[in-house]
Structure formats: structure tokens, C-alpha cells
Amino acid sequence: MPRRKKPSVDLNKIVSLCKRRGFIFPGSEIYGGLANTYDLGPLGVEMVRNISDSWWNYFVHSKEEIYGLDTSILMSPKVWEASGHIQSFTDVLVDCKNCQYRTRADHLVEDALLKKGVVEKVEGRPPKDLDELISKYEIECPECDSKSWTNAREFNLLFETTIGTVTDGARTIYLRGEIAQGMFVNFKNILDTFHPKLPFGLAQYGKAFRNEVTLGNFIFRTLEFNLAEFEYFFDPNEKDWQEYFSSWKEEMVDWITSIGVSADRLRWRVHTDEERSHYSERTEDLDFEFPMGYKELFGLAYRTDYDLRNHMDQSGVDLSYTDYKSGKKIIPHVIEPTFGINRVLLALLTDAYREEEDRILLKLSPEVAPYKFAVFPLVRNKPDIVKKAREVYDHLSGKYHVSWDDRGNIGKRYLSQDEIGTPYCVTIDYDSLKDDTVTVRDRDTTKQKRVHFKEISL
Ligand code: GAP
């Protein structure tokens, strides 16, 4: 019989656990908050570091032909003109004429059609199309029930800021909306310094910024987020793009399942012509079943030679690649796997959450769990035991991120660690003073075994 999938958790439970235990806090909270910004707490930052380190190991360090970069958030505005983002990086929004509620028109229509049982994917439709759907299905404002909407109109997602002061002529520049452009503008630097042979990739990890209108769903869609992506350059005359595309699809799934996301909550979805980004000839999303339904976790796009060609035209710099055998010049094509790291954090937390009879449990893989071990002295008022426990803690923390807990009774300490996903709890007791053995308790099975503390490892 096929295994029954565990039902998805209520998102509010994750939000509350994240706040209560120090994974994720609302941004600028003491000033009433800034909508859709979040701060990572001590446990959240550990998880994000673990996720991005794992990504870097998998896609950069273990691939000889992929080179890492860390390029600037602020770039010349000419970059965004050439990339087409100033012209085409847009969403469509509408305002309720009655209560001024503002939302993305495609999200409004899609939610309403789902509710009415008329299921239709509408992302990426032009404003006129969305206006027609809003009026045809008499879509109501979710805030005040009015059916009176402004016309849908496009607005740009790039965050603007200025460089310089008003007196010496401030210039508008943009916070990067994707991190890919840093790799395209450094393409020639890599050719000149590393002389790579096609196919090869350029990878980076960092913050991206988008002036999103419809937000919510906790950290799923925020104004700034951690993004990891790489551009895989190849010669389209040597090998078909579909072959690269399908092998990266497999590797994307391999990586995300290797860090603990359930394969049966993942599915691929092909973008419609309307929703595909301006630079892409084919895009597929790897959707994950979040508490609010299947939503994009990662994207995979065939960007052709669109970016290199446009940067070459606009900058006047030769960005072609010379084949070392034939001496022929070509503009390489690109496949781009892209990974929203904050969405990985949300996927891992929701997938790992369990409620058992007497405990809440995060069944995180040790690779991503904030702490790998927790060390407990059985009692806190016996200096010998505390001293031995400190010795064990120092030994383990030389290699792993380890939590120290000497509050309350051992049972309560187990529950507290289960809730934050610590895979193993190590208790130092009276016997430990005699022979340096300790008990190691497994989070998932709750079974304990006794070992010499120097034998403990993941
Ligand atoms: N360079 C390609 C690119 O930027 P994208 O699909 O627009 O593609 C990449 O974004 C990934 O970034 C998405 O797959 C998603 O995981 C994540 N993402 C996009 N917008 C986001 C937002 N507002 N908040 C959090 N993550 C976001």
C-alpha cells in the first residue's frame, strides 16, 4: 500500500513556534513592524547558514566546472536596462475603489476563481485580460466585499534608491532584483582569469530585493530574501539545451531531498507563455506543498544567449567565448537553476513539524538542524558533574554547533530540544564521573544508549 502523506501543518503553528523559540521574528517589531520583513533569530540564522553551505558544497565545491562569485548588490542602472528588468520586471496590480485595498491582480483573480471552483492559472496575464476576468466573475474585495476595482496596471518590482546627494545630482539606482546579473557582467573577468572551457557555471548566493505588492504567507514572499543561483553556460551547437535542462532538474531534486524535504511534496510545473519571464524560452518551477498549497520553491530557466547578447550590445564589450580547438567565437547559451533559500527554510520547517502525544517535534536532518547536540549535566548543583559536562560540551563544540542546557528536569530539556529539532541529547550523570560514558538520546525514536563521550559523532 502506498504510504499516506502526512497532512500539511497549519502555518500559524510554524509562525508561533518560530517566534517563541527564536527562529524568525517580525521585522522592526518594537516600532509596530514593517510589513513583510522578517529577522532571523539565533536558530533561524543557523538553519539558513546550514542550507546555503549545503547548497555551496553540492553545486560549487563538488563541481569542478562551477565557479563561485559574490558580486555587489548595487550595480550600474545600465545593467538593469540591458537585462530588460526596467522594462519588463513587472507585476499587475489593482486597487479597491471603496477601501483602497491594493493587491496583485493575478493573485486576486486566482484566489477568487479557486474559491468559485473555476480553477485557472492566471499568473503573468496582461492587465486587460485580468480586468475582463475581474468583471466577468464579479470578483469581490477580500477586505470590504465591494466589486468596484480600478483598472489593472503594471508596476515595476525593482527597488529604487539614490546614489549621491541632491546637491551634486543624485542618480537613481536599483537594489538587485535577481543575483544573476552579477554573473553575466563578470563573465569576461572569469574567461580572462580562469580560462574555463564550456560548459561551465558561475554561482552565487546573496540577498535579492523586490517591491512586492501581495505578500503574506509568512516568509514565503518578502521584500528581501536570500537567493542562490547559478548560470550554466554551454555551446548550443555541441549539445541540446534540453539535455542540460533535464539533468539540472534531477540534481535540484536530489539536493533538496538530501537535506530532508519530502519527495512526495514536490512537483514540477511548466510556465505558461504568459507567465514566463521576458528572458526565458522555457521555465519550470519546482513546487513544494506548503501549508497554503503547492507553490514555487525553485525555478529552472533556459535563458538562451539573451543576457550576454544584450550586455554585449549595450556595453560594447566583447562577451563572446572563443572555442579553444576551432578558434570560433560564439555567444554561449545559459541554463539557470535558481533557489529561494528562505523558501527552503519554510519548506523544511513545515515538512519537519510533528505533533506527537506529549511533544512537538521538528524532524530536521542533522545537516540543517540549528544544533546537532544538546549537552545536559544531570544536575546543576554538583560541581563535578557540571565540570565533566563542560568537558563533553567543549569536546563536541570543537566540531559541531552544540546547545548547553542545565535548567529544569531532564524530561523538560528533551521536550525543549525536540521542539527545535536537535537530533541528539547527551546527558552527563554520576557514572560519567567514573568512566567518561554518557547517555545519548535520539530525538526521533527517544531511545537512549550509553557510550564513551569521545565516541560521539553524527
Ligand atoms: N534569476 C531568476 C529569478 O530570479 P525568480 O523565479 O523570479 O527567478 C527565484 O526567483 C527564486 O526566488 C524563486 O524560485 C523563489 O524561490 C524565490 N523568490 C522569488 N521572489 C521571492 C520573494 N518575494 N520572497 C521570497 N522568495 C522569493
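Note that this is a predicted model, so its numbers are computed, not measured. Each ligand, and each atom within it, is numbered from 1 in the order the structure gives.
Under 4.0 angstrom from ligand 1, there are no non-hydrogen atoms of Glu231. Residue contacts with ligand 1, taken as heavy atom pairs separated by less than 4.0 Å, involve Arg221 via backbone and side-chain atoms alike. Contact annotation: for Asp285 versus ligand 1, there are no heavy atoms closer than 4.0 Å. For Phe288, no heavy-atom contact with ligand 1 is shorter than 4.0 Å.
Less than 4.0 angstrom separates some heavy atom of Glu212 from each of these atoms of ligand 1: 20 (N), 22 (C), 23 (N). Under a 4.0 Å criterion applied to the non-hydrogen atoms of Leu227, ligand 1 contributes the atoms 9 (C), 11 (C), 12 (O). Close approach of ligand 1 to Thr338 is summarised as follows: ligand atoms under 4.0 Å from at least one heavy atom of the residue are 8 (O), 9 (C), 11 (C). Per-residue contacts place Leu297 under 4.0 angstrom from the following atoms of ligand 1 (heavy atoms of the residue considered): 14 (O), 15 (C), 16 (O). Distances below 4.0 Å separate heavy atoms of Phe220 from the following atoms of ligand 1: 24 (N), 25 (C), 26 (N). Close approach to Gly299 involves these atoms of ligand 1, each under 4.0 Å from a residue heavy atom: 14 (O). The distance from ligand 1 to the heavy atoms of Arg303 drops below 4.0 Å at these ligand atoms: 1 (N).
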Checking Phe59 against Phe230 for the ring pair (Phe, Tyr, Trp, His ring centres under 6.0 Å) test, could you report, in this order, the C-alpha distance in whole Å, the side-chain angles of both residues, the deciding distance, and whether it holds? CA-CA 9 Å; Phe59 290 107; Phe230 60 92; 5.3 Å; yes
Starting from the C-alpha separation in whole Å, work towards a yes-or-no answer on ring pair (Phe, Tyr, Trp, His ring centres under 6.0 Å) for Phe233 and Phe187. CA-CA 10 Å; Phe233 298 96; Phe187 180 75; 4.7 Å; yes
Apply ring pair (Phe, Tyr, Trp, His ring centres under 6.0 Å) to Tyr306 and His278, showing your working. CA-CA 9 Å; Tyr306 175 91; His278 59 279; 5.8 Å; yes
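A salt bridge between Asp323 and Lys328 is absent, with no side-chain N of the basic residue lying under 4.0 Å from a carboxylate O of the acidic one. Between Arg221 and Glu296, no side-chain nitrogen of the basic residue sits less than 4.0 Å from a carboxylate oxygen of the acidic one, so the salt-bridge criterion is not met. A salt bridge does not link Asp106 to Arg125: none of the charged side-chain nitrogens sits closer than 4.0 Å to a carboxylate oxygen. Ion pair Arg153/Asp95 flagged as a salt bridge, since at least one NZ, NE, NH1 or NH2 atom sits closer than 4.0 Å to an Asp/Glu carboxylate oxygen.
Using a 4.0 angstrom heavy-atom cutoff, Asn342 does not count as in contact with ligand 1. Residue contact annotation: Tyr279 has a non-hydrogen atom under 4.0 Å from ligand 1.
Separation of the Phe218 and Tyr38 ring centroids falls under the 6.0 Å cut-off. Annotation: Tyr232 is in aromatic contact with Trp248 [ring centroid separation under 6.0 Å]. Ring pair Trp255/Phe339: centre-to-centre distance below 6.0 Å.
Closest to atom 21 (C) of ligand 1 by heavy atom, among Phe225, Phe298, Phe339, is Phe225. One option in Glu224, Glu336, Arg343 has a heavy atom closer to atom 27 (C) of ligand 1 than any other, and that option is Arg343. The closest non-hydrogen atom to atom 19 (C) of ligand 1, taken over Glu178, Arg210, Gln181, comes from Arg210. Of the candidates Glu296, Lys295, Met183, Glu296 brings a heavy atom nearest to atom 13 (C) of ligand 1.
Of the polar atoms of Ala180, none of the N or O atoms is found under 3.5 Å from an N or O of ligand 1, judged by distance alone. Distances between N or O atoms of Glu229 and those of ligand 1 include at least one value under 3.5 Å.
Relative to the six-membered ring of Tyr244, Lys239 meets both conditions, a distance below 6.0 Å and an angle of at most 45° to the axis. By the 6.0 Å and 45° rule, Lys97 does not stack over the aromatic ring of Trp149.
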